[in-house]
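Worth knowing before you read on, the calculation uses all heavy atoms, side chains too, and leaves out hydrogens, waters and symmetry mates. Just so you know, ligand 1 is whichever comes first in the structure, and atom 1 is the first atom listed for that ligand.
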Amino acid sequence: MFFNLIMYTQLRPVLFWIAPETAHRLTIELLHLLRYIPLSKWIMRRNLSYDDPSLACEVFGLKFKNPIGLAAGFDKNAEVLNELSCMGFGFIEIGSVTPLAQTGNPKPRVFRLPKDKVIINHMGINNAGAAAVAKNLKRHSRRRVIVGGNISKNSTTSNAAAAADYERAFVKLYDSVDYFVINVSCPNVENLRGLQDSEQLRGIVETITEQRKYHDTYKPVLLKLSPDLSAVQIEEVLSLVFEYGIDGLVVANTTTKREGLRTSPAILSRISSGGLSGAPLLSNTIDMVHYIATLTKRQLPIIASGGVMNEDDALQLLNAGASLVQIYTGFIYNGPGFVKRILKRILKSG
Ligand SMILES: Cc1cc2nc3c(=O)[nH]c(=O)nc-3n(C[C@H](O)[C@H](O)[C@H](O)COP(=O)(O)O)c2cc1C
């Protein structure tokens, strides 16, 4: 079969030879092309999907065919949802989407650190804007996968005016996604993480939950946190979550920390700022998921995101209290067959 012949282990050195952002764009374009190749999606689904009724789960009122999703940032503009869904994901999070299109930070802005199984990015939430993304989503209206809409504010909008930005993106995408994630934790937009402070966050959460009341269909709203929050900050966020009826948390985004890396300090200082993702995040993700799940007596759904590089990592996060798990960097390092491997491991664990 096609996918068994072109194994990702052979393809990866080629992709890793190309600059990360170019390799990413090339991948999206190749996925686009599949639309014109008869049976390609059927072949992908046959080889990469792993459907078993015992993997299905219901979380914040939505029925997922399995608990493994693609994290925000890969298909920011909802360009290739159908093609990605053929790779077996139980859900896909698009975005981050801002009300207006923005180009993000100057390039180069994505770096691979293969020694550490890490990516550092300071993309700065480049995206096509809420109207264009809503249009793309309409094209995928007959999709077979649950889609989350990750929303944020434009970089030029001050934190004081942020709530209105989140609201505009929320309204534009409301009819086109199944759940929302409020991204207040991206380290690549100046001061964005400051929106996690209680009073700033209250303004956003209040605006969004009020706006939701005007819609006939209820859409779950989650908050995506930074992995660098202290225990006290997490507890402050949790009190707002319960006060406003937020449906869950995504734990967590990329970190600004650089501890314990094998990559040389010279390379790291050349890259300088940016959010780090991949292997080093895992232990903190497990701790944070476990902490929140314990505090909330597992009553608040958690999507775990951060550091899943093998099948056991995903299982550890589910055992720590996550309802769903997302992958991004692990997907880049392991390739499309990774989802199926994780699902088989979950099934085997009973
Ligand atoms: C290149 C890149 C772009 C990303 N863009 C976004 C984004 O736009 N919004 C967001 O909430 N998270 C974004 N993320 C963070 C991921 O969604 C995920 O939370 C993080 O990478 C940790 O998971 P991982 O270790 O499995 O990669 C991005 C990550 C990467 C590597």
Subject >> Protein heavy-atom partner closest to atom 13 (C) of ligand 1 - residue, atom, separation in Å >> reply: Ala72 O, 3.3 Å

Original post:
What residue and heavy atom of the protein are closest to atom 27 (O) of ligand 1, and at what distance?
Top reply: Thr329 OG1, 2.6 Å

Original post:
Got an N/O contact under 3.5 Å between Met123 and ligand 1?
Top reply: no

**OP:** Check the surroundings of atom NZ in Lys340: do more than 12 heavy atoms from other residues, nucleotides or ligands lie under 6.0 Å from it?
**Re:** yes

**OP:** Starting from atom 20 (C) of ligand 1, locate the nearest protein heavy atom and write down its residue, its atom name and how far away it is, to 0.1 Å.
**Re:** Thr254 CG2, 3.9 Å

**OP:** Start with the C-alpha distance between Glu83 and Leu30, add both sets of side-chain angles, then the distance that settles side-chain contact (heavy atoms from CB on, under 4.5 Å), and finish with yes or no.
**Re:** CA-CA 10 Å; Glu83 291 71 18; Leu30 284 173; over 6 Å; no

Subject >> Closest to atom 4 (C) of ligand 1 among Gly69, Gly73, Ser96 (heavy-atom distance) >> reply: Gly73

**OP:** May I ask whether Ala252 has any heavy atom positioned less than 4.0 angstrom from an atom of ligand 1?
**Re:** yes

Subject >> Heavy-atom proximity to atom 19 (O) of ligand 1, best of Pro227, Ser305, Gly278 >> reply: Ser305

Original post:
Which is it for Glu311 and Lys344 under the salt bridge (Lys or Arg N to Asp or Glu O under 4.0 Å) test, yes or no, and what are the steps along the way?
Top reply: CA-CA 9 Å; Glu311 300 85 315; Lys344 280 185 163 179; over 6 Å; no

Subject >> Heavy-atom closest contact (Asp313 atom, Leu282 atom, distance) >> reply: OD1-CD2, 3.3 Å

**OP:** Looking only at distances, please establish whether an N/O atom of ligand 1 is found under 3.5 Å from an N/O atom of Ile125.
**Re:** no

**OP:** Pull out every atom of ligand 1 sitting under 4.0 Å from any heavy atom of Asn150, numbered as shown with elements.
**Re:** 10 (C), 11 (O)

Subject >> Residue, atom name and distance, where the atom is the protein heavy atom closest to atom 30 (C) of ligand 1 >> reply: Asn121 ND2, 3.4 Å

**OP:** Give the minimum heavy-atom separation between Ser96 and Asn150, together with the two atoms involved.
**Re:** OG-OD1, 2.6 Å

Original post:
Just wondering, more than 12 heavy atoms not from Lys219 lying within 6.0 Å of its NZ?
Top reply: yes

**OP:** Consider ligand 1: state whether an atom of it lies below 4.0 angstrom from any non-hydrogen atom of Cys186.
**Re:** no

**OP:** Could you find the nearest protein heavy atom to atom 15 (C) of ligand 1 and give me its residue, atom name and distance?
**Re:** Asn253 OD1, 3.6 Å

Subject >> Atom indices of ligand 1 within 4.0 angstrom of Gly95 heavy atoms, with elements >> reply: 8 (O)

**OP:** Give the numbers and elements of all ligand 1 atoms closer than 4.0 Å to a heavy atom of Gly307.
**Re:** 24 (P), 25 (O), 26 (O)

**OP:** Look at the rings of Phe64 and Tyr179 and say which category their plane angle falls in: under 30° parallel, 30 to 60° tilted, over 60° perpendicular.
**Re:** tilted

Original post:
For the side chain of Thr329 and the backbone of Val118, is there at least one donor-acceptor N/O pair under 3.5 Å apart?
Top reply: no

**OP:** Report the part of Asn183 (side chain from C-beta onward, or backbone N, CA, C, O) that has a heavy atom under 4.0 Å from ligand 1; answer both or neither where that applies.
**Re:** side chain

Subject >> Protein contact of atom 26 (O) of ligand 1 - nearest heavy atom, named by residue and atom, plus distance >> reply: Tyr328 N, 3.2 Å

Original post:
Between Tyr174 and Tyr214, does a ring-ring contact (aromatic ring centres under 6.0 Å, His included) hold up when you go through it step by step?
Top reply: CA-CA 11 Å; Tyr174 201 89; Tyr214 296 113; over 10 Å; no

Original post:
Under 3.5 Å between some N or O of ligand 1 and some N or O of Lys224?
Top reply: yes

**OP:** Could you tell me whether Arg25 and Glu29 make a salt bridge, using a distance below 4.0 angstrom between a side-chain N and a carboxylate O?
**Re:** yes

Original post:
Is the backbone of Tyr333 close enough, under 3.5 Å, to the side chain of Tyr8 for a donor and an acceptor to pair up by distance?
Top reply: no

**OP:** Check each atom of ligand 1 against the heavy atoms of Lys76 and keep those under 4.0 Å away; list them by number with element.
**Re:** 5 (N), 7 (C), 8 (O)

**OP:** Provide, to 0.1 Å, the distance between atom 21 (O) of ligand 1 and the closest protein heavy atom, together with that atom's residue and name.
**Re:** Ser277 CB, 3.2 Å

**OP:** Answer yes or no: does atom CD of Glu190 have more than 12 heavy-atom neighbours from other residues, nucleotides or ligands under 6.0 Å?
**Re:** no

